[in-house]
Structures are given as structure tokens and as C-alpha cells.
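The figures here come from the full heavy-atom set of this structure, side chains too, leaving out hydrogens, waters and symmetry mates. Every value quoted in this text rests on a predicted model; they were computed, and no experiment measured them.
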Amino acid sequence: MTVLKTSMRNFLAHKGRMALSAVAVLLSVAFVCGTLVFTDTMGTTFDKLFAATSSDVTVSPKSAKSDEMPRNGVPESLPASVMEQVREADGVKSVEGAVSSMSVTVVDNKNKNMGSTTGAPTIAGNWTRNDLRSMDISSGRAPRGPTEMMVDADTAEKHGLKLGDELRTIAVTGDFKARIVGVTTFKVTNPGAAIVYFDTSTAQRELLGQSDRFTHITVAAENGFSDERVKENVARSLSGAYKIQTQQETTDENREGVGEFMNVMKYAMLGFAGIAFLVGIFLIINTFSMLVAQRTREIGLMRAIGSSRKQVNRSVLVEALLLGVIGSVLGVGAGVGLAVGLMKLMGLMGMELSTDDLTVAWTTPALGLLLGVVVTVLAAYLPARRAGKVSPMAALRDAGTPADAKAGWIRAVTGLVLTGAGGFTLYLAGTADKATAGSLWLGLGVVLSLIGFVVIGPVLASGMVRVLGAILLRAFGPVGRMAERNALRNPRRTGATGAALMIGLALVACLSVVGSSMVTSATDELDKSVGADFIVSGNAGAPLKPATVEAVRDDASNLVHISRVREVPADVTAPDGTKQEGQLLATDPTYVQDLRRETLSGALADAYGDDAMSVGEEFAEKTGVEVGDTLTVAFDGGRTARLRVAAVTSDDTALDQGAMYTGIETVERYLPADRMPMESSVLATAKDGQEKAAYASLKAAVAADPTVRVMDQTDYKEDLRDQIGQLLNMVYGLLALAIVVAILGVVNTLALSVVERTREIGLMRAIGLSRRQLRRMIRLESVVIAVFGALLGLGLGLGWGATAHRLLALEGMKVLDIPWPTLVWVFIGSGLVGLIAALVPAFRAGRMNVLNAIATD
């Protein structure tokens, strides 16, 4: 009880000093809990949607996959006659044929896409009774003819649509127009998909190209019959030729596709939360180390009057426990608020998530509390152990006794060993022959070098602060020299504070180097390898519709040729029995002019002959395949072919690395027309001197479909920069959390340092130091600490980035590009961070009463 009382008294006495540490714990826990609540809420939203839209039993083609877009643009379908067989099964109450396609684009009379802007699909289908499970017709009526359609209310509101508006639907089978006669409203939350409905015959004809087929059949079970029992009865009626699923099985299958995306997002965000926790550890260690140092005499007195080492140790740990509990509880609440904020942000981007579905599982606050408390207590363990070692004689000494010199030597040796081990593993990563093996060494090298720099940080601080002082501080005269000495007064504290900032900046520098090298390598490869002038492709990698390809071929002018590119699923088996699952690139013969590939043996042009193909270098080496050998190629949905190897191409490229090429005509002999994939892209080459006219004609030819893009090489490079830039900006935004926590660490270190030097500050003020000079001294000290951390972080990040580039070079991205302007701005920003972090501590120091400060013991 005495320990608890002492801990409570000390905690309340220093509550202001604990506040920033509590904020660090709060932010880290909030990020973890917010991520979990947000992803759980998304899961609940999709689960409700899938459950509401699924019938009791669903019958669909055996090869149909709910999470994949059909490569030929036409959904898998089954004959309408199946309905009669299903209807005869015992326990079936009613049967309906349904049509659903995601291979559509819906535009208004201004050719503006009415779909989602978040990547959610546009879904077109027929209106059925099963849709009433999840939708209500809120205005108008259901469509009854080929010129009528319904849209969902969210899409109508987003795009300002109303009854009577005419929309054009672009499908693989052609374009058709219809007027809106009804608007439907979801009974559950719609995460952002655009939904349009037609009558059944129109949906069959326009979306499937046939009037006697459906994509799936919905079955309603009679009362008293379970879904599983009806499924068994239907299966007996259909003799196993189709995929038959209960409502739960359909929901689970749909959830799997969405779940993969949500898991990637969840674990990525939790990774950044972990980085914030790591940075927070330094803040907590610094806080308790300084508090213990400031209470050295107090602890010595406690030991003199009978307190044991264990009691002193426990007293500090109880303070950490209180800090962890308070910060974690507040963090859990802030996490729920963060999740709601993320939901609102997603709403602005087009993905609607209702707070009615807000899901806070009991594991979320439990995990947040556990992480926050455990991390805080563990971080406080070393300062607590140090407090337990304070002897009763310390009551006779001043506070803030210097650290043991022996510990400094141990730290230096340990840090050098860890840093050396990290550098060696980074060297092994950079000299690896395979990217997969090198990535393991890279990960180990990053961890070891980071820990090494953290351990050796106080040793580096002694030397680097002197150098920085000579460069940055000497111009400020005596004030600058005092700031330098203050930063050198406790190298361990300076090193730990700088290390917190180092972690975030090291990751920023590393990712900047990797991103810039990827863009530069890709653009360099584009210049060397791509001979085509233009690339025609769909948004987000969507395939091109036949009408688009036909328009490019027939309507575009001033072109020498075009090259169609199709990604054909196929399994390739070598003579030694090695099978490679994947795809062939089926192209026109002119592709060899549009993409210049180095050929190691044979001639790539010969791969476009009858029953011929090429293979990549790695596949050839692994299987011993040579030009003239015959491979067995099993086309997905088609026949098995025996194709002769006509060329082996180099894998020393970033474009089409490892690709196997064959001619479109070869694939057409083994793959039925209705199974042939659509073009993934079309390359076009302009006549000499006619590039501008050809560019304009291509844009005019594809103007009917707003989802199709025409890019010249400049556009393509810019698009590549934008894509990688957007990804990096998102990562930088997440890393900002760790940097904010590091800034709090600088603020906390300075604030506690000011308290520690209260008497000293009072004496300096008494002998003539002005308030302005005092504030400047503290700001300069802060800038030096921040710049020290920045130099460590940028240096470490450059090493990581250069090593990561060596692995990228194995994948064909050979150009190392260091974005010096970005790194310079980061360095300058670090100095500004130091200035900002010092504002409050400097202001408080300047307001101190001189006499009271001198009288402080």
C-alpha cells in the first residue's frame, strides 16, 4: 500500500510531465483500435450486404468465380432450362433466373462515367424478387422494356440523376440506351457499387448476348426445409454439373474476395501503428529516465529511511502502469473516433459506410489496453531498474548524477557489433543472386542496423553534436555554445530523443529512394524497350471492349500498325514434367517492333509462326528447355496444344519479365471464341511526322468509352510517377503518426530538461541572460537534437534504399535514383520541427521567476 501511495503521489506531482508520454500512448493505441474498428466495420457492412443479396440456395456455372472479372467480358452462364430441373427438387418454393455482369460502363448524355470513383464495380442485371431482400423501389417502378432501367439511390444522388434521364450502357456485346423509370434504395449499406437494373429479356440479350441463359439461379426454400437440405435435393436434380451454394456459402465466398483486400489494408496500418509504438518507447524511456534522475535525492532519502530496492523499482513501474492505463483507455476511445473519421473520409471518396454498422468487438479495446500497458511498463523497466540501484548516499548528492562510464563502453561496443552485423547483412542482401533470398537478408539488415544505431546513438551524439554546433550554433555566440553544451550534457538522452525521430525519417528516406528508383528505372526501360508511340488501355487494368479495339483499328488514322495484347490463362509443362501455371501473352506479330526484347537464342518473330511460342530465360534455365523443344500448353477453357519453342528471351528487363509470347492466331486454334480473353491493351505506332495527328485520331476513336485511356510515352511516364507518388504519399501520411510521436518526444525532453535546470536557468538570468537569449538557447538545442536525428535517419534510410534497389535491379529496375530535393526538404523540415517543438518549453523557461528559480533545490 505504501508503494501505491508513493506512486500515486509522484504521478500526480508530475502529471504535467507525464502528459506528453500519455499522448504518445494514446496516439499509438488509437491507431491500432481505429484500424481494427474500421476494418471490422467494413467486414460487417459487406457481410450484411452479401447476406441480404444472397438467396437461400444459388445455382451457378461450376467455373464461375464471384471475385473475378471475366476475361472475355461475358459472365459465365447456364441454360435457362436448368430452372425447370431445379424447380422439381423437393423443398423448392420458387426459382428465378438472374443476370449479373460487372463488365459494363454506364455513362450519361455527356459521356461521363456514372460508376464509382473508388474502384467499386458497376453492376448491371435484371430485377428479380430476390432483389427485394436487399432493395426497395423508392420511386418510380421496375423496368418493363428494352428502353427502361432502374438505378440505385446512392448513384442517383451522387450524379444528380432523376426519373426520365437517359443513360448509355457499354457492354461487350454492344452499346444500348435506356431511360430511368425507377430508383431503388438499399435496405443495408451499399459500400459504393453502382447498380443498374433492366428487365430480364433486355439483360439477357444485352449483357450475355443470348436470350436463353442466366448467370445464376436463385432458389427460395419452403418453410421447414433448411438451406443445406434444399441444396442436397437440388444437387441430385442437377447431377453435379453446377456449383450449388447455400446462402452462408455464397456469403463466405464473397467475403473471401473482399477479405483479402481488407487484410492487406489492416496489417499495413497496424504495421505503421507498431512503428509509432516503437517511437513512443523512446519517449517513455526518456521521460522516466529524466524523472528518476531528477528524484535521485528523493529516492536516496527513501532508501535511507528503509525503502528496499524492490519497493523503489515497483514504485516507478506502478507510475508507468498508471500512465499506460490512462493513455490506453483514452486511446481506445480516440480509436473509435478515428474509425468514424475514416468512415466519413471514405464516404467523401465514394465508399459509403454507415455508423449504424460500427463494430467494436471486445477484443479491440482489450488488445488496445494490453498493448498500451505492456509497452509502457516495458519501456519504463530500465529507468525503474536504475531507480532501484540508487543508494542511500545519493541523498547527499545533487540530482542528475552522470551515468556510469562502464555502461557507456558496453553500449558503444554493443552498438558497434549490432551496426556491423546489420551492415554485413545489408551487404549480403545487395550481393544476392535472387531477389527472394536477398529480401530476407534485407529485412534482417534493417532490423539489426536500426537497433545498432539506437544503441550507439548516445556515442554518436557526443561527436555529431560538436560538429553540428561548429556548423550551426557558433554563429549565435555564447548562446549557441550553451545550447551545444546542453545537448552534450546527457548524450544518452540526446541519443534517445534523436533516435525517435530517426526511425520515421529513415523509413521516409528509404521509401523515397525506392520509389524514385522505380520510376526512373521504368521510364529508362520504356525509352530503351518500347518502340510504340501510344498505349491504349482501360482504367485500373480493365480489359478493352471489342468495340474499342475495332474503333482503334478502323477509325484511327496516321498509324503504321497496331498490336493487340491478350493475357491468356494457360498451364505450360516442360519436357521434364515441370509445370508453370500462369498465362501466355498472345499478341500480333508487330509486337516485336513495339516492345524490343533481347533474344538469347532463336528469333522472337518466329514465335508468331504456327504452333510456336517463346519462353523466358529463367524458365529455360530451370527446365533445360532450348529452341526446338516442344511444350505442352493447356489453355483454360480450351484444348491442350503442343507448341514449339522458337525463342528464349532475356529476363533482364522490367517490362514483361519472364513473359511467354505466342501469336493470337495460334491461341484461336485451341481456345473457343467465347473463351478468348479481351485485349488488355493495344500498342500503336504512328507514321513518321504524324504523331500529333495520330494521337488526336486515337483519342477520337475511343472517345465513346470514358474508361479507356490513350497515352503517349510522356503520358505513360507521368501516369507511372503519379501512381507511385500517390502510394508514397499515403505511406508518408501513415508515417506522419510516428513523426508526430517523435516530435512529442523532443517537446517532452526539452520540457523536463528545463525543469531539471531550473536553478541553473535562474542563475543565468540573474547574471544577465535575457529572456530572448534564453528562449533562443532552448530553440537551438532543440534544432540540434532534431538535425542530429535527421542525419542519422537519412543516412540509415539511404543505406536501406540503396540495398533495396540492388534487389529491384534483379527484377530489371537497374537505375538508382536518389531524390536529393526530397531529402533536402526533409532535412530542412527536421530543423523546423526542432524549432516548433521548442516553442512551449522555451516560452515556459522565459516566464520563470528568477528568485524562485534560484531558490529551487
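In this structure, the side chains of Phe38 and Thr41 stay at 4.5 Å or more apart for every pair of heavy atoms. Side-chain contact between Ile743 and Ile836 is absent, with no heavy atoms from C-beta onward closer than 4.5 Å. Residues Val375 and Ile281 are in side-chain contact: their nearest non-hydrogen atoms beyond the backbone lie under 4.5 Å apart. Taking 4.5 Å as the limit, some side-chain heavy atom of Val783 sits within range of a side-chain heavy atom of Leu835. At a threshold of 4.5 Å between non-hydrogen side-chain atoms, the residues Val479 and Leu780 count as touching. Contact of the Val731 side chain with the Phe272 side chain is registered, since non-hydrogen atoms from C-beta on lie closer than 4.5 Å. Two residues are said to be in side-chain contact when any heavy atoms from C-beta on lie closer than 4.5 Å; Met269 and Thr39 fail this criterion. Two residues are said to be in side-chain contact when any heavy atoms from C-beta on lie closer than 4.5 Å; Val840 and Leu750 fail this criterion.
Note that the CZ atom of Phe476 and the CE atom of Met482 stand 13.0 Å from one another [nearest 0.5 Å]. Distance check: Thr35 OG1 to Leu338 CG gives 7.0 Å after rounding to the nearest 0.5 Å. A distance of 6.0 Å separates OG1 of Thr419 from CZ of Phe453, quoted to the nearest 0.5 Å. Taking CE of Met764 as the start and CE of Met777 as the end, the distance is 4.0 Å to the nearest 0.5 Å. Taken to the nearest 0.5 Å, the CE atom of Met464 stands 5.0 Å off from the CG atom of Leu792. Expressed to the nearest 0.5 Å, how far CG of Leu369 lies from SG of Cys33 amounts to 7.5 Å.
Taking every heavy atom of both residues into account, Ala790 and Phe827 meet most closely at CB-CD1, 4.2 Å. Across all their heavy atoms, Ala276 and Val741 have their closest contact at O-CG1, 4.2 Å. Scanning all heavy atoms of the two residues, the minimum distance from Leu728 to Gly515 falls at CD1-CA, 3.9 Å. Smallest separation of non-hydrogen atoms from Ile761 and Leu774: CG2-CD2, 3.6 Å. Taking all atoms of both residues into account, the shortest heavy-atom contact from Leu823 to Leu794 is O-CD1, 3.9 Å. Taking every heavy atom of both residues into account, Ile778 and Pro841 meet most closely at CD1-O, 4.3 Å.
Taking the side-chain hydrogen bond (donor to acceptor under 3.5 Å, both in side chains) definition, one finds that Thr359 meets it with Thr44, sequence neighbours left out. For Tyr732, the side-chain hydrogen bond (donor to acceptor under 3.5 Å, both in side chains) criterion is met by Ser512, not counting sequence neighbours. Partners of Arg489 by salt bridge (Lys or Arg N to Asp or Glu O under 4.0 Å), not counting sequence neighbours, listed by chain and number: Glu760. Residues passing the side-chain contact (heavy atoms from CB on, under 4.5 Å) test with Ile451 are Leu418, Val447, Val455, sequence neighbours excluded. Annotation: side-chain hydrogen bond (donor to acceptor under 3.5 Å, both in side chains) contacts of Thr364 (sequence neighbours excluded): none. Arg481 is linked by a salt bridge (Lys or Arg N to Asp or Glu O under 4.0 Å) to nothing, counting only residues two or more places apart in sequence or in another chain. With sequence neighbours left out, Leu507 forms a side-chain contact (heavy atoms from CB on, under 4.5 Å) with Ile275, Leu735, Trp800. Every side-chain hydrogen bond (donor to acceptor under 3.5 Å, both in side chains) that Ser516 has, sequence neighbours left out, goes to Asp817. Taking the salt bridge (Lys or Arg N to Asp or Glu O under 4.0 Å) definition, one finds that Arg721 meets it with Glu718, sequence neighbours left out.
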- Query: Passes side chain to side chain contact (heavy atoms under 4.5 Å, CB included), Leu727 versus Met518? Steps please.
  - Reply: CA-CA 12 Å; Leu727 178 62; Met518 288 176 66; over 6 Å; no
- Message: As a quick check of understanding, evaluate side chain to side chain contact (heavy atoms under 4.5 Å, CB included) for Thr494 and Leu488, giving each step before the final call.
- Response: CA-CA 7 Å; Thr494 299; Leu488 288 171; over 6 Å; no
- Task: Decide yes or no on side chain to side chain contact (heavy atoms under 4.5 Å, CB included) for Leu791 and Val467, but give the supporting numbers first.
- Result: CA-CA 12 Å; Leu791 287 174; Val467 174; over 6 Å; no
- Begin from the C-alpha positions of Ile284 and Val25 and carry the test side chain to side chain contact (heavy atoms under 4.5 Å, CB included) through to its verdict. CA-CA 9 Å; Ile284 295 165; Val25 177; 3.9 Å; yes
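Pairs of residues two or more places apart, or lying in two chains, that qualify as side-chain hydrogen bond (donor to acceptor under 3.5 Å, both in side chains) and include a residue from residues 771-790 are Arg757-Glu781, Ser770-Gln773. Within the structure, the side-chain hydrogen bond (donor to acceptor under 3.5 Å, both in side chains) test picks out no pair touching residues 822-843 (sequence neighbours left out). Among pairs with a residue in residues 451-461, none fulfils side-chain hydrogen bond (donor to acceptor under 3.5 Å, both in side chains), at least two apart in sequence or across chains.
In this structure, the side chain of Arg466 engages the main chain of Ser462 through a donor-acceptor pair within 3.5 Å.
Just one of Val446, Leu444, Leu442 meets the side chain to side chain contact (heavy atoms under 4.5 Å, CB included) condition when paired with Thr425; it is Leu444.
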